[in-house]
Amino acid sequence: MQKIKHTFKFILLIIFICITITSCQQSSKEKSLKTKNTDNSILIGNWLRTDSDYRLQISKVNEDNTLDAKYFNPYPINVGKASWQHISGNIKIIVELRDVNYPGSTYTLNYLPDRDILAGDYYQAVEGLTFYVEFARSN
């Protein structure tokens, strides 16, 4: 009888471990699918800052996590680098400006699908100030 009890406990333990592992694997797969199903091409387009005539143009989202991007204020300002990444199922972009009066000014923006906007911070390098900004799709 004692041997049957130990065998039964062992079987229950194995079943518990299997259920736990399966649950963790499914959770991991769901997170992975959510991130992979976020269509990065949603970033492509013309984005107009809601408080000014400043425009961000994204023409391509590259697999190496870079963006082909241009910035206008209203004249062209050199984009030093532009990148994107997935964070917890959201798309975040960083656009660094490198031009006269723009020595590393940086936009750090999140795509908000419910509003179809890019929103986040603009670090103005000359003055060392950070501002909250939003870009609305303009195309």
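Within a 6.0 Å sphere centred on OH of Tyr132, other residues, nucleotides and ligands contribute more than 12 heavy atoms.
Annotation: cation-pi pair Arg55/Phe72 present, NZ/CZ under 6.0 Å from the ring centroid and within 45° of its normal.
Separation of atoms CG (Asn78) and CG (Leu97) is listed at 8.5 Å; rounding is to 0.5 Å. The distance from atom CG of Asn40 to atom CD1 of Ile93, rounded to the nearest 0.5 Å, is 11.5 Å. We find the OG-CG distance between Ser59 and Leu43 to be 11.5 Å, quoted to the nearest 0.5 Å. Once rounded to the nearest 0.5 Å, the distance linking CG of Leu109 with CD1 of Ile94 reads 9.0 Å. Atom-to-atom distance recorded for Asp68:CG and Gln57:CD is 10.5 Å, nearest 0.5 angstrom. Interatomic distance, Tyr71 OH to Asp99 CG, rounded to the nearest 0.5 Å: 11.5 Å.
When all heavy atoms of Arg49 and Phe135 are compared, the pair lying nearest together is N-CD2, 3.4 Å. Annotation for Val79 and Ala69: closest pair CG2-O, 3.6 Å, computed over non-hydrogen atoms.
Hydrophobic clustering (ILVMFWY, side-chain heavy atoms < 4.5 Å, transitive): Ile42 and Tyr107 are in one cluster. Under a hydrophobic-cluster definition in which Ile, Leu, Val, Met, Phe, Trp and Tyr are linked whenever side-chain heavy atoms come within less than 4.5 Å, directly or via other members, Val95 and Ile44 are assigned to the same cluster. Val133 and Trp84 fall within the same hydrophobic cluster, where Ile, Leu, Val, Met, Phe, Trp and Tyr residues are linked whenever their side-chain heavy atoms come under 4.5 Å apart, directly or through other members. Residues Tyr75 and Leu56 are members of separate hydrophobic clusters, defined by side-chain heavy-atom contacts under 4.5 angstrom among Ile, Leu, Val, Met, Phe, Trp and Tyr.
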Which atom pairs, donor and acceptor, lie under 3.5 Å between side-chain atoms of residues 117-128 and protein residues at least two apart or in another chain?
{"from": "Gln124", "atom 1": "OE1", "to": "Val126", "atom 2": "N", "distance (Å)": "3.2"}
{"from": "Gln124", "atom 1": "OE1", "to": "Glu127", "atom 2": "N", "distance (Å)": "2.7"}

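In this structure, the side chain of Asp64 engages the main chain of Thr66 through a donor-acceptor pair within 3.5 Å. A donor-acceptor pair is defined here as one N or O able to donate and one able to accept, closer than 3.5 Å; such a pair exists between the side chain of Asp39 and the backbone of Ser41.
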Go through it in stages, so that I can follow the logic: the residues are His86 and Lys92, the test is side-chain contact (heavy atoms from CB on, under 4.5 Å), and I'd like the CA-CA distance, side-chain angles, deciding distance and then a yes or no. CA-CA 6 Å; His86 285 284; Lys92 175 182 176 181; over 6 Å; no
Run the side-chain contact (heavy atoms from CB on, under 4.5 Å) check on Gln85 and Ile87 step by step: do they pass? CA-CA 6 Å; Gln85 60 184 318; Ile87 297 180; 3.9 Å; yes
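Residues Asn62 and Leu67 fail the side-chain proximity criterion, which asks for heavy atoms closer than 4.5 Å. Annotation: side chain of Trp47 is in contact with side chain of Ile58 (closest heavy-atom distance under 4.5 Å).
With sequence neighbours excluded, no residue satisfies side chain to side chain donor-acceptor pair (under 3.5 Å) with Asp114.
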